[in-house]
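I have placed the structure first, in the form of structure tokens, so that the comments after it can refer back to it.
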Protein chains: 2
Amino acid sequence: MAKRPPTIPDSELDVLKVLWERGHATVREALETLREAGREWSYATVATLLDRLEGKGLVTSDRRELAFVYRPAITDQEVRQRRVSSLVDKLYEGEPGLLVLHLLKSHPLNPVQAKEVRAVLDGMLGDSSKKRDKDR
Amino acid sequence: MAKRPPTIPDSELDVLKVLWERGHATVREALETLREAGREWSYATVATLLDRLEGKGLVTSDRRELAFVYRPAITDQEVRQRRVSSLVDKLYEGEPGLLVLHLLKSHPLNPVQAKEVRAVLDGMLGDSSKKRDKDR
DNA sequence: GACCTTGTGAGACAATTGTCTTAGGATAAA
DNA sequence: TTTATCCTAAGACAATTGTCTCACAAGGTC
């Protein structure tokens, strides 16, 4: 019975992001980074959030010198993965294609990205199914 | 100051989905549909959820005969829109393209969808930017 | 009328989230 | 060593979410 992955509330996510960016941080360092990013939290709030993240196994801590140093124990990719899968399951009938279509329609890409995406798609489809008749 | 849109917890979303499917429903009808879909909720729970949804302005109710009849006041598209935007903002630096790329890599599409997506992209890019050199 | 069946209203209650206060241990500075 | 700092521990507290219980009203049934 795999217990389902812990939820990551937004506030905790913001803290986690700091750890991803910096690799590791003490409470105070995280606080400062967050301040710079516009989050007006108190020291204790950040400490609580790191604590909760540790409780969920999403960060680890080890005591160096005075303060605890926290490091992420989950990657940003992993978190994205979870969020996306959950979104697809909940609102797109488990069909990632529907989400992609929706995205393209409602959130237009810039040309550079669009091309990049198309390249990936071409790769995925493989030559046989392409409609590049001219090449024949 | 537009007050930010209300959050829609998962349980409420499940109820909302029933209304989208059916167009409208009483508490009992919603309960039954949910039961069929595997949700083992009590009548009161569904009533509470509909009530909360109404409090948030996401459904309306009018009393026909005995029971209240609830109808969605927000479309599924709207909800999807919100969730996707929030995801993009929170985990993809506001760049929908990054999400699309991620999706394609981690959740492969079936060929039909892939082609459909490519068609949309081609439309979006317009002829000028295509790399169909052969046409020149 | 006395009784069910359905439905609503009003809350209860625990878990999670968002934020902070306060007390006390270590460390560094005077 | 007295003070001023910085850190953690412990928990407070309100809002939101997930679920439910219970009392009571309105409509049928015998």
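Proteins come first, then strands; the chains are lettered A, B, ... in the order of their sequence lines, and each starts at number 1.
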No-H, no-angle donor-acceptor pair, B/R52 side chain to D/dT19 base, under 3.5 Å: yes
Polar side-chain contact A/T26-D/dC7 base: donor and acceptor under 3.5 Å: no
Pair B/D122 + A/R118: basic N to acidic O under 4.0 Å: yes
Lys/Arg-Asp/Glu bridge criterion (N-O < 4.0 Å) met for A/R82, A/E78: yes
[X] [atom1] to [N] [atom2]: how many Å, rounded?
X     : N      : atom1 : atom2 : answer
A/D51 : D/dC7  : CG    : P     : 15 Å
A/W41 : C/dT21 : CH2   : P     : 15 Å
B/K56 : D/dG18 : NZ    : P     : 8 Å
A/L50 : C/dT17 : CG    : C1'   : 15 Å
B/R28 : D/dG27 : CZ    : P     : 17 Å
B/Y70 : C/dG7  : OH    : C1'   : 10 Å
A/L53 : C/dG18 : CG    : P     : 11 Å
A/F68 : C/dG25 : CZ    : P     : 16 Å

Of A/Y43 and B/S11, the one whose closest DNA chain D nucleotide lies more 5':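 On the 5' side of the pair lies A/Y43.
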Residue-phosphate contact under 4.0 Å: A/T48 side-chain N/O, C/dT19 OP1/OP2: no
OP1 or OP2 of C/dT16 under 4.0 Å from side-chain N/O of A/T7: no
Touch class at under 4.0 angstrom, heavy-atom based, for A/A67 against every strand present: sugar-phosphate
Sugar-phosphate, base or nothing in reach of A/R63, heavy atoms under 4.0 Å: sugar-phosphate
Nearest-nucleotide 5' precedence on DNA chain C, B/V27 against A/E12: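 Nearest-nucleotide comparison on DNA chain C picks B/V27.
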Side chain of [X] (C-beta onward), nearest among [options]:
X     : options                : answer
B/T45 : C/dT17, C/dT21, D/dT19 : D/dT19
B/D10 : C/dT8, D/dG18, D/dT17  : D/dG18
A/S42 : C/dT21, D/dC20, D/dT16 : C/dT21

Atom pair CG (B/L91) and CG (B/L99), whose distance is rounded to the nearest 0.5 Å: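 Spacing of CG (B/L91) from CG (B/L99) equals 9.5 Å.
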Check: A/L13 and A/R83 side chains under 4.5 Å, non-hydrogen atoms: yes
Among A/V84, A/L87, A/V88, the one residue meeting side-chain contact (heavy atoms from CB on, under 4.5 Å) with A/P96: A/V88
